[in-house]
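What follows is one structure encoded as C-alpha cells, with my remarks underneath.
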Amino acid sequence: MIRIYNTLTQKKEEFRPIEPGKVRMYVCGMTVYDYCHLGHARVLVAFDVVTRYLRHRGYDVEYVRNITDIDDKILRRADENGEAYTSLTDRMIQAMHEDEARLGVLSPDEEPRATAYIDDIIAMIQQLIAGGHAYAADNGDVYFSVESFPDYGKLSKKKLDDLIAGARVDVQEAKRSPADFALWKAAGPGEVSWQSPWGDGRPGWHIECSAMSTRCLGNTFDIHGGGPDLLFPHHENEIAQSECATGHTFVHTWMHAGAIRVNKEKMSKSLGNFFTIREILETYPAEVVRYFLVSSHYRSQVDYSEENLAEAGRTLTRLYHALRGIVPASSGEVPETEHDRRFAEVMDDDFNTAGAISVLHAVANEINQLRRDGEDQAARRSAAVLVRLGAVVGLLQQDPEAFFQADTGSDLTAEEIERMIQARADARKDKNFAEADRIRDELADKGIVLDDSREGTTWRRA
RNA sequence: GGCGCGGUGGCAGAGUGGUUAUGCAGCGGACUGCAACUCCGUGUACGCCGGUUCGAUUCCGACCCGCGCCUCCA
C-alpha cells in the first residue's frame, strides 16, 4: 500500500486511484522564457521518480506535464531579445528537453502547450461566466470572482479576508475584489493575441493549467504536482477555476516538492541566485546531480553547495565500483529478494528515496562481500538487483566504465592513459617503483585515478 | 501580521515509544611494493524546559532558533 503526503489534507494518505490500476497525474511544468534551473530539476526528478515507482508497482500511469508558452514574462523577454516569442519558446523547449534527457528524466506521456489549448481555455472561461464565477470587466479583461467560491483557500489554508486585508495583490479598478485574478487579459496594440468573445487577448496565468489538465485527464484526476511556490496562488486558483467550471472535485492528491536553497537562501528568480541545469552540468556529471536530488526526500528543503555535490559524486562512485567489472545476471532470472522488499517498503512511504538509497548501499555492500569471497555467480545476481532497483530511481543505468571515464576534464586521451598504465605496469614488473609511482602521480595531477586489482589496472576520473 | 514547515552524531540525511539507518569524513586492522579501491572493526545524535509513560529523540504543551508562502518564481 502506497502512502502519499497530500498538501490538501496535510497528512499522508493511503493512495487509491480513481480507476483501479490506473493513475492520472498532472505536473506544472515550465514557463519557457529562460533555461531551466536547479529548482526545475528538482521537480522534474521528483515526479520522474514518482512515475517510475508507480509503474514499478504495476500502475498504468498517464503522466501529463504542461508547457506554458504564452505569458507576460515570455513576451517581455522576447521583446528584449528582439525576437518573435515563438522563436524564444521553441529554443527554450528544446533546451529543456536536452536538460531533462541528461538528468535521466523520462518524457511525460503528454506535454500540452498552452497555445494549443486556447479554445479549451476560452470555453472554460465561458462556463465560469455562465455560472456566475467570472465577469468581463470594462477594460476587456476577464476576472475570476474569488468570493463566488466558498472553498477558496482550502489548499493554501488562507482566509479570503486575510488576503484582501493583506492586499499586496494588485489593486485594480477593474476588479470587484482585490483578490480576484485574471482569466483573460486584453491585448494592447501590437501585442500577441487570440480572438475571444471579450475581444482580442491572451490567457491569464492560471487558467491554462485548469483547461489542459481537465482536457487531458478529465474533470477529476488522481495527482497534481508542482514546485513549492506554485501552491499559492497558482494551484489555489486552479482549484477555484476547475471546481467552479466543472462542478466536480478537481484533484485527489496534491504533491509539492521542497525548495532548493543556495547559501542559506531560497534559490529564486527574484534573488537572482539561481543556477541553471546546464551551468551545473559543466562541473558535475548529470547522474551525480540526480543522485544529489534523490538522496534527500522530495518534500525536504535541500541546500545546493559544492561540498554536497562533491559528496554525492564520491558516494555514487562507490555504488558504481560495486558494479565495475562484472556482468549482472539478467534481472528476470533473479527472484524478488529481501532488498526488493525493503526497497518497496520505504518507497511505499511517500516515496522515501533517501531510504531507498540506503538499500542500494546495502546491495552494493553485499556484492563487494560476495566478490571478495569469490562467489561470482551470486555477485552477478546481486548486481542485477542493484541495477533493477537503481532503475526505479533513475540511477546506475550506465556502463560503469562510461560513468567513471566520462567528462574527465583531462587533455589525455584514453589511448594515452592506457599507454601510461602499461608503462607503469612494466616498471612495477621491474620493481622500479619510483618510476611506477611517478607515472601514477602524473596521472593523478591530470585528474586520473588508478585502481589496481588482481585482474589488472583500471582508471577513472577523480 | 496571517498561514505552514523544520531543528538528528564533524558533515549530508532517513527513521522509530524500549532493539544498526545509510553515506561522506575520522580512527584501528586486513589487502597492497607503497597507495587507491575493497573488506573487517570502531567513536560521536536526536534544540531547550516541562508533561504523559515502566520507559521519549519518537506523543502532548510552552519556549528558543531556522525556513517557506502571503508578489513574477519550480
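First the proteins, then the strands, lettered A, B, ... as listed; each starts at 1.
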Between the side chains of A:E366 and A:H339, is a donor N or O closer than 3.5 angstrom to an acceptor N or O?
yes

A:R440 (side chain) and B:A36 (base): donor-acceptor pair under 3.5 Å
no

Identify whether NZ of Lys or CZ of Arg in A:R42 sits under 6.0 Å from the centre of the six-membered ring of A:Y298 and within 45° of that ring's axis.
no

Pair A:W254-A:I223, side-chain contact (heavy atoms from CB on, under 4.5 Å): steps then yes or no:
CA-CA 6 Å; A:W254 284 89; A:I223 297 173; over 6 Å; no

Are A:D71 and A:T31 linked by a side-chain donor-acceptor pair shorter than 3.5 Å?
no

Could you work out which one of B:A36, B:C5, B:G33 sits closest to the side chain of A:F433?
B:G33

Looking only at the aromatic ring of each residue, does the gap between the centers of A:H321 and A:F404 stay below 6.0 angstrom?
yes

B:U16 and B:U58, which share atom name C1', separated by this distance in whole Å:
6 Å

For nucleotides 21-31 of chain B, just jot down a letter per nucleotide in 5' to 3' order: B, S or -, based on protein non-hydrogen atoms under 4.0 Å.
BSBSS------

Please report the distance separating the P of B:U57 from the corresponding atom of B:U52, rounded so that it comes out in whole Å.
15 Å

Pairwise P distance, B:G23 and B:C37 [rounded to whole Å]
15 Å

Which part of the nucleic acid does A:H256 contact within heavy-atom distance under 4.0 Å: base, sugar-phosphate only, or nothing?
nothing

Of the options B:G4, B:C34, B:A36, whose atoms approach the side-chain atoms of A:R424 most closely?
B:C34

